[in-house]
Structure formats: C-alpha cells, structure tokens
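First the proteins, then the strands, lettered A, B, ... as listed; each starts at 1.
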Amino acid sequence: VDARKLQPQAGASHASGPQGQSIREAAAKSDKVPSDAGTPAQAVRDAAFYLRIFDELREIVGPRGLITSREELHTYECDGLTNFRVLPRAVLLPKSTEQVQKIVRVCHREKIPFVARGAGTGLSGGALPVENGVVISLARMNRILEVDFANARAVVEPGVINLDVTARVASQEYFYAPDPSSQSVCSIGGNVAENSGGAHCLKYGFTTTHVLGLEVVLADGSLVHLGGKTLDAPGYDLMGVFVGSEGTLGIATKIILRIVKRPECVQTLLAAFPSTNEAGAAVSDTIAAGMLPAAIEMMDNLAIQAAEAAVHANYPDCGALLLVELDGPMAEVAALMAHVDEICRKNGAWEIRVAQSDAERALVWKGRKAAFAAMGRISPNYIVQDGVIPRTELPNVMREIGRLSREAGLRVANVFHAGDGNLHPLVLYDRRIAGQEEAAEGLSGKILELCIAAGGSITGEHGVGEDKKKMMSKMYSEPDLETMQRVRCAFDPLQLSNPSKVFPRPRLCGEKPGEYVAHPVETAGIAERY
Amino acid sequence: MDASVSAKANLSSTFEADVREIVTAKYVRTTAASDAVCGVLASLVVEPGTEQELAKVLKLANTAGLAVIPRGGGTKLEWGNAPARADVILSMARLNRVLEHAWADLTVSVEAGCTIGNLQETLAKHGQRLALDALWAERATVGGVLSTNDSGAMRLRFGSLRDLVIGVTVALADGTVASSGGRVVKNVAGYDLPKLITGAMGTLGLITRAFFRLHPVPRYTRTVSCVTGSVREAQELMLGIQNSKLAHSGLQICCDGETRTRVDTLFEGTEEGCTAQTVQMKFMMSEATLGDAGSEVWNAREEICSVGAQDGEGNFAVAKICLLPAQIADGVDRIREFAAERVRWRVVFEATGIGWMRLDGTSAEIPAALIPLREWVEERGGSVVILRRALGMSEMDAWGASRDGLELMRAVKRQFDPMGTLNRGRFVGGI
C-alpha cells in the first residue's frame, strides 16, 4: 500500500486532479525540499544516535506511540499543501501533556527540531516536517475535558476535531463559532496554530476570538498557562501571540474555548448578478447601510460551474453569486433581510432566493464549502490562493486578476469571503502541458503581490507556513520582521519548535537585540522604513 | 519631596541639548508637581511631533540609561505599580491625527495621541464608531486605552481592544519602529503583535499609531433595567439572559449593599428588533421590576472609577475584579463580608465576569478588605487588579500573585526592552 494514499488531504490546497502526482512529486523531491540553512544545531549524526534517541522516546510514548518505519513516515511527509514533502526521522503520538513535555525535553537536550501536527489539513505547509526532526502528532490527545454551559466555556485537548466541539454542546443550543471549510476533519490544536477563520468570521471573529486560555509546552519542555477561564489575566497577552504563531512558539496541550449560543433565527439569501462588480457593489452597500451579516460569500462564474458539477447545489448560472447570511433575533433578521434584498436588486441582481428550510440552507452552503475540491471537475490541477484586500479594492483587484489570467493564458476561478475581503483565487492548470505549472505558480504569486499593493495581506486564514515565507519580506519591512522574531527568541531561543517556517530568514537569538541596521535594499531606496 | 532633585541628577546636559535638537526647545520642559506618576516625578516632559522624532528621543534615552514614562491623556497613569524610576515623560499630545477613516472598509488608522472622543466624532460623520466604551473618552487617548486594555460593558458583544485592533506601529526602546498587522480585518501573516502590545502598560514599546476595525453606529438603542431582590437573583437573571437567544450588546449588575441591586441590558439594532427583544425580556422576568432606563446607567463604571465632586479628600480605592460570570454573586458576598460594614463598597459586574469595585474607608480598613478578597478570587483562578490606591496601600502590588507565565513574560520584556527603559517596575512581577 502506498502510504501517501492514506493521508488525509481534506483541504487539498495545491491539489491534484485525477491525473496523479508523479511529475509534481519528482519536482518536489528534487528542488522543493525547503532549506533549513541557518537552523542551529544541525550537527551530523549517525544512525546509532537516532536509534538511541528512539529507544528513549519509545520509553515515553510506548511502542505504539513511535513511528520510524519509512513507509509509515510517508503519511506525515506533508500536510494539505502537498507540493512540499520532507520525511521526518520519527513521528510521536503522545497521549498526555506529560508525554509531550518529556518528548520535548529530549528534543531540547539533543537539539532535535520538532513539528507539532494536528489533522494535517493545513494549506500552507505549516505541519511540514523539518529534516532530521521529529513530528509530534496530537491526534491521540482528543478528549473534550469539560463543558461549562453557565460560563459558556469548553476545555479541550488539541486533537479534538473542530466540529466535535459543536456536536458536544449542540444539545443546549450552543456552537463553536470558527468554521473553516475543513471543520469536519481539522483539529482545534491546528486551528489555534493557524488562527483559522471560516465563512462566519465576519460577525463571529476568528479562532483567536474564541480561545480564552492555553496550556502550552514550551520548547524547553516547561509548561505554562496563558490566559485562562476568566478574562484579562494580568500580564502580557501571550495567548494572543501564540494563537496563529503556526507552531513556532511551542505546543498547545489544552485549550479553553468560548462557546456561543445559537441565534434565534438564521436566514440565507442567494442573489445572482451579471458580474463580480455588481455583486461587489451590493456587498459595499450592505456594509455601508450599517449591517453586519454573519457571512457574505461570493463566487464567480467559473467557481459556480465547478460547484454545480460537484454537488448540484442548484445555483443559478450567472456572472457572480452572492450568498448573504443574517442571524439574530427574528424581528431583527426580518427587517434587515428586506433591506439586503432591496440592495441586491438595486445593484442589478436578477434572481434572489431565500433558503426556505434548513435543508435548502445546507445545500447552499454545501456548494460553497465544496468549491475548492470541486475545481477537480473542471481542471486537472489547481492552486488555492489565500489573500486579503480592503473590500473597496475588490473591483480593481478583480480587473487585475482578469488581466493577469489572460496574459498567462490560465483560467482563475474566484471564491471570496467578500465581507472581510478574503480572496481565494483558484489558478487552474494542467501539469501535463509543459510550462503550465510554472506559469500557474507565477500567476498565483502575482495575485498575492496585487493584494499587498492594495494594502492587504498575503494570507487571511491559511497561514504563512513554508509556502509564503518568502512573501513575508514583501509585506513587512525588515524591522517589522525583526521585531516579531524577538518574540520567537523569548519563547524558543534555540528555535527548535517548527523552525524554518513563517519567517524568510532565521534570527540567531544569541544576538543582542539592537536597533535595526538598514538592509542594503533599503539604503538603495527599493524599500523604505521610518 | 526631593524625588525631582535625585531624578534630575540622572540627566546629563548633553542629553537635554540633544533632545532639544530633535523636537525643538519649545517641546521640552521641566516637570511640574502635577506630572508626578504615583508620587514619582520625572525631570523632563518631551512632546515629539512625529513618529521619527519620538523614536530618536527614545533611543537617546535608552542609550543614556534613562527611564521613560509614556503619557497619553494621563487619565490612567495611576494604574499599575509606581515606576521604579522616572526620568523622561514622553507625551503623545502632538501625535493626535486621525490618519485615514476608510469608512467603506470599516477601518481607521489613527495616531496614538488622538483622544477617543475626537476619534469617535470623526467616525460618526460616516455613521461609524469604535465599538468601545472607554473610560473618560474625552481625554483618554488611543495609545493609553490600548496600553491599559480598557473596555466596558459593550465588550460582551464586540470584544475588547484585542478584538478591535488590527494593526499597530510601535517604537521600541532602541529606536526601532516596527509595524504589525495592517488595514485589513482578516490577516494571519506573522505574529499578532497588536495583541501583545495591547494591555502591556507601555512596557514593550510606545504605540505610535493603530488600525481599528469599526462598527456602524446602531440605528436604534434601548436600555432595559430590572431591580432584583438580591445579588443572587440578579446573577440568575443575567445568566438567563446570556443563555437566551437575545442579542444584547451590554449586560451588567450594579450593587452597593445599600440600594437595591439592578440589572441593565442594552439592545442595539433596528427598532423592530429592540422592541421585540424587550417584549421577550418581560416574559423572562417574573416578579422583578422591569423598566426602560436611560443610557446613563452605562456610566456606572466611570462613576466608580472617577474622583467625584462629593469625594473631596475622601480616601478610596478602585479595583478591577475578573471572575467567571457564574461566580459574581459569590464574589459580591465576599466583598460584603470583607468590607464588614466598615468599608463602603460599590461594584458593577459586567456579564463577562469583569467587575469594577470602589471601596471607601480608612487606610487600615481598605487593605483589610482587599487582601482577603484578592486571595479568594485568585484561588478561583481570577484576578484583582488595583487601579487606584487609597492611602496606606503603597506596598500592595497592583497585579497580585504571579503565575507560571511570568518567566516567559520577563523573557519577552528582555527582548523588547533589555535596558528596562520603558515604564520600569510598573507591570507584573516588577517588569
């Protein structure tokens, strides 16, 4: 059995269609292996060294908690972003915080880098192993430890699946708000690492909004508690920095979550527009009218076609589709829905439907949530991009994406969280055609540059990971990045916890922090800082 | 008091001359008695006019080994421990512009010295607001409110500053000026430094500007108040509202041991929505007295935290208490118990579990009530932070017992401000 086929790839970013992965993999193995140059303590070590370490680790996690065979290790060589692959030395499956601490202490003593892994659905290579490192999978730490309805809190282990939290609290009509598309398979620990979003963060916020406290194993194996069940614990908001740090500051072993009462009423409206321009104008008018819908999603024609082909959501065939969800008290939703309807018509919507039942609403969302995977129906290969722009830039950025798409001779399908300006352009290509893959990657990169130029971000919810660390220098100046690295040095001076991710270059923490000295490109006037 | 004399000795004449060179002599002055912070007087007040000037002055002070106190509107300077040392007050008064209100994107970028009042006024022109009920908004500045993480009852619906700030620019002690986050609401590129800086009491760097996400000014608001027989009854009502499908923006319990306990609920939205929810609330109350109230009930927190006209030379302390929502009634019982009819007390608890308490009494009585209360709260995982000290409380730490994250916090401080230039000694564990 090819272990790779067993691997969960729910989110499937750089996904393959039915054509297989062989060429891509060959490329990946030859030149896509990320370089760890500069990571400290990469001394040459012989096989005997690792055998000795494995024995010690086996003592901690038991024989079934340690994976070292090559075939099994392949399952862990990448996450949802499959074009980067690195084989770890070993994979550990601890069952408790104590086991995680013991493993990390061994890593710290021997200066072995480690990468924490949840469900492996990440789309930026955040859980990509590092060479000569180990992977610490939190999959077996999957208990919901406590649910406190009176205070609307739940305490969970990192391996708990996102949707399972909602399932556990649904009886009292509560839910866990962050809803990434992969929520039926992704883990809370991974959500914490990536600060995952979802379709409803426009109103409900991100993972960081819903995490109140963390138990964290630091890179030296010590245990700290950040935040807590009560709010505003005195001291720095280290929890706020930890959420979204992509595994570079330590491993969360316990997470206190906020749960939310289900709204009295939810209504979902579907509106068909001639193009994304009109749909975009309707979004702006809705926001300008003082409404904060639970979600506003947009799909362009190509995305609609793909979703239809995949799940038959019964979407109208149009230039752009807007999905607006309002929730809250019945009277409030009714009043606002009438207003949204009016705004859509005024902006040229030629068909408007409001889902009449939970089943209809579920179908509407099914099409949207399946949109990424549905691309396989209309293209052999595709790249999922994740960028953010100020909402008002949407018409300009769409026009530019169209231009770049024509220039490259490649189709781009667009799916947006339109309310918060989070774009997910999908660049379609066929890797069997020479040069298309490179062209697709080039186009995908240019789209991110558009986002930066528009005053936006290179990632709204998928993270930087391995994939976008080079783009960080385009979004942030050197002093910005240096300042972030100071946090890293405080948490993990040896840089053992998921090293070589997020930042374009490692910073040696032994260096005394001092005022930043201008980089040659700055003095040359290419970049600027204050 | 000779604090100013000893502090003055730390400043070399070259430092002063260099500062004048940077900001011009007009914006450098020696301190007056009113510039003292918790009884500690710095030597100089410097008012930089630009971010670059500010960074230069900061770097100069850092190199000279001086201690710097950042100052916005000066409304919450007494929060935290007394500074271990103070040489220079860096005033943000001149960095006070609203840089860009991108109303169509519901974001704003603003300089740290801008008052919340001025900011809200600018935003209101386009029917928007920063969804924050800060203390003393007319004088409190963006930087000060961020650094002290000050928020009120509306936090229940909109989150606190950590949820509203989407980007900051910070000047570090060594003169580095760094930005993190940006003008978009959704962004996971790099570490979330805006959250780290929020509530850091100015000990990691000086916030020079910030980006916020905004909310529309509601079309209609309505406050409903309900008088209850006991605090426990008030808590049950509050938890009942929290567990209902009402979409309220604020919810608080006010009590003082003398008058009757009151529960206030704030609704915002359409008139239809607010009216329907008020009707729904009436079904939830049985014997309680329910009535429409004015928006002034939401001033309760500010009244507790302010020196009122009636106080005169009155001796009082103010503390922020963080408990779980379902612990509020127990907490109030303990306050009553420890106040023991000697100390007058008054408290407003928000439905988030955060309470604002005022104790009036003698220098001996107030600590005698606060110390066992803090112990009780900390045993339950909460915290009691002293915001204003009464006489006789100078020895009491503002932040309370340290937790296992303290070493890590110290490491962060060392990375950002290794010389201890910024607000030395004011934060947790002597940071």
Side-chain angles (χ1 to χ4, degrees), chain A residues 150-151 194-195 197 201 205 209 224-226 228-238 240-241 244-245 261 263-264 284 287-288 290 328-329 331-332 335 388 390-392 420-422 455-461 463-464 472 475-476 479-480 483-484 486-487 489-490 513-516 530, chain B residues 51-52 59 102 104-106 127 159 162-163 174-180 182-193 195-196 198-200 216 219 239 245 247 269-270 272-273 276-277 322-326 352-354 381-383 385 399-400 403-405 408-409 411-412 415-416 428:
Chain A
N151 295 305
E194 301 297 318
N195 187 15
C201 38
T209 319
V224 292
H225 295 82
L226 311 177
K229 280 179 115 182
T230 56
L231 301 176
D232 291 359
Y236 298 129
D237 183 7
L238 299 183
V241 188
S245 62
K261 191 78 179 178
E264 186 178 40
S284 292
I287 300 286
E332 187 83 17
V388 191
R391 196 173 29 239
T392 46
D420 43 32
N422 190 184
S457 170
I458 56 170
T459 170
E461 52 188 6
V464 177
M472 284 289 275
M475 180 166 164
Y476 288 116
D480 300 343
T483 303
M484 290 182 195
R486 294 188 196 212
V487 177
C489 290
E515 192 199 1
Y516 174 73
Y530 294 101
Chain B
E51 205 166 76
Q52 294 90 327
K59 183 183 177 186
D105 289 317
L106 278 166
R162 74 192 291 281
D163 305 299
D174 61 16
T176 301
V177 176
S179 299
S180 162
R183 64 174 69 233
V184 284
V185 172
K186 201 172 179 185
N187 175 16
V188 295
Y191 294 157
D192 198 339
L193 296 188
K195 288 197 175 58
L196 180 66
T198 300
R219 302 177 195 187
L239 293 178
K245 299 202 165 183
T270 61
E272 297 92 321
Q277 292 183 84
C322 299
L323 282 170
L324 287 173
T352 52
I354 295 178
S383 59
V385 174
W399 308 99
R403 307 182 185 202
D404 61 8
L408 191 55
M409 290 179 193
V412 170
Q415 285 289 329
F416 278 75
V428 294

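Residue with the most contacts toward chain B among A:Asn195, A:Leu226, A:Asn422: A:Asn422 (heavy-atom pairs, distance under 4.5 Å). Between chain A and the residues B:Asp404, B:Val428, B:Val385, the largest count of heavy-atom pairs under 4.5 Å involves B:Asp404. Contacts with chain B were tallied for A:Cys489, A:Gly205, A:Ala233, A:Ser284; A:Cys489 has the most, counting heavy-atom pairs under 4.5 Å. With chain B as partner, the option from A:Gly455, A:Gly328, A:Gly456 having the largest number of non-hydrogen pairs under 4.5 angstrom is A:Gly455. Options A:Ser457, A:Ala331, A:Gly244, A:Gly463 differ in how many heavy-atom pairs under 4.5 Å they form with chain B, and the most are formed by A:Ser457. If you tally non-hydrogen atom pairs under 4.5 Å between each of B:Leu239, B:Leu193, B:Leu408 and chain A, the highest count goes to B:Leu408. Chosen from A:Thr483, A:Asp480, A:Val388, the residue pairing most often with chain B at heavy-atom distances under 4.5 Å is A:Asp480. Among the candidates A:Met475, A:Lys229, A:Lys261, the residue making the largest number of heavy-atom pairs closer than 4.5 Å to chain B is A:Lys261.
Residues B:Ile354 and A:Asp232 are in side-chain contact: their nearest non-hydrogen atoms beyond the backbone lie under 4.5 Å apart. Inter-residue side-chain proximity for B:Leu106 and A:Arg391 is flagged as met; some heavy-atom pair is nearer than 4.5 Å. Considering only heavy atoms from C-beta on, B:Phe416 comes within 4.5 Å of A:Val487 through its side chain. Between A:Cys201 and B:Lys186 there is a side-chain heavy-atom pair separated by less than 4.5 Å.
Summarising the geometry of B:Gly273 relative to A:Glu332, their closest heavy-atom pair is CA-OE1, 3.1 Å, with the distance given to 0.1 Å. Contact between B:Ala189 and A:Ile458 at its shortest, heavy atoms only, is CB-CG1, 3.8 Å. Of all non-hydrogen atoms in A:Pro390 and B:Asp105, the two that sit nearest each other are CB-OD2, 3.3 Å. Contact record, A:Glu194 with B:Val188: O-CG1, 3.9 Å, taken as the closest heavy-atom pair. Across all their heavy atoms, A:Val241 and B:Leu196 have their closest contact at CG2-CB, 3.5 Å. Taking every heavy atom of both residues into account, A:Val224 and B:Gly405 meet most closely at CG1-CA, 4.2 Å.
Between the side chain of B:Asn187 and the backbone N or O of A:Gly460 there is no donor-acceptor pair closer than 3.5 Å.
Considering only residues two or more places apart in sequence or on other chains, A:Asp420 meets the side-chain hydrogen bond (donor to acceptor under 3.5 Å, both in side chains) condition with none of them. The ring-ring contact (aromatic ring centres under 6.0 Å, His included) search around B:Tyr191 returns A:Phe503, not counting sequence neighbours.
Rounded to the nearest 0.5 Å, atoms CG (A:Leu231) and OG1 (B:Thr352) are 5.5 Å apart. Annotation: the span from A:Met484 atom CE to B:Asp192 atom CG amounts to 9.0 Å, rounded to 0.5 Å. From B:Asp163, atom CG reaches atom OG1 of A:Thr209 across 5.0 Å, with rounding to the nearest 0.5 Å. Atom CD of A:Glu264 and atom CD of B:Gln277 lie 8.0 Å apart (nearest 0.5 Å).
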- List the steps, then state whether side chain to side chain contact (heavy atoms under 4.5 Å, CB included) holds for B:Thr198 with A:Asp237. CA-CA 8 Å; B:Thr198 300; A:Asp237 183 7; over 6 Å; no
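Heavy atoms of A:Tyr476 lying under 4.5 Å from chain B belong exclusively to its side chain.
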